[in-house]
Amino acid sequence: MIAAFATLTFLIAMWLCAIIIAGTLEQSGSKMVAALKGRSLLAVPLAPPIKLRVSQRYPSTQRPVRARVVLRAAA
């Protein structure tokens, strides 16, 4: 008898989950599909990208490191 009640409870819980998911998809399903296809309003950039220029005014003070023969052999 406990198994029957457990099965019934499980089926009712699954039915409620299906109802909640169906309601969510009904309300915002079209927004989700548009976002997955890349046509969302948030996916469209509002302004053109900003162009950046990297200045070499302050170059790195570190000298390039050369690998020694011992380290090359280890690699």
Side-chain angles (χ1 to χ4, degrees):
M1 192 69 173
I2 293 175
F5 284 129
T7 303
L8 186 62
T9 305
F10 174 75
L11 291 175
I12 290 172
M14 294 308 288
W15 179 72
L16 286 174
C17 288
I19 295 295
I20 291 170
I21 291 172
T24 303
L25 289 176
E26 183 180 345
Q27 289 177 358
S28 59
S30 60
K31 291 179 186 176
M32 290 179 197
V33 171
L36 289 173
K37 289 183 178 179
R39 288 186 259 159
S40 174
L41 292 176
L42 298 176
V44 177
L46 299 177
I50 299 172
K51 296 180 182 178
L52 296 177
R53 189 177 73 193
V54 179
S55 172
Q56 291 296 325
R57 177 179 279 181
Y58 304 107
S60 176
T61 58
Q62 295 178 348
R63 294 174 39 207
V65 178
R66 302 279 182 203
R68 290 178 282 186
V69 176
V70 177
L71 294 177
R72 285 188 205 155

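All of these numbers come straight from a predicted model, not from anything done at the bench.
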Quick one: do [X] and [Y] end up in the same hydrophobic cluster if we chain Ile, Leu, Val, Met, Phe, Trp and Tyr together by side-chain heavy atoms under 4.5 Å apart?
X: Phe10; Y: Trp15; value: no
X: Leu36; Y: Val33; value: no
X: Ile19; Y: Leu8; value: yes

Checklist entry - So how far is it from Leu25 CG to Ser30 OG, rounded to the nearest 0.5 Å? => result 10.5 Å
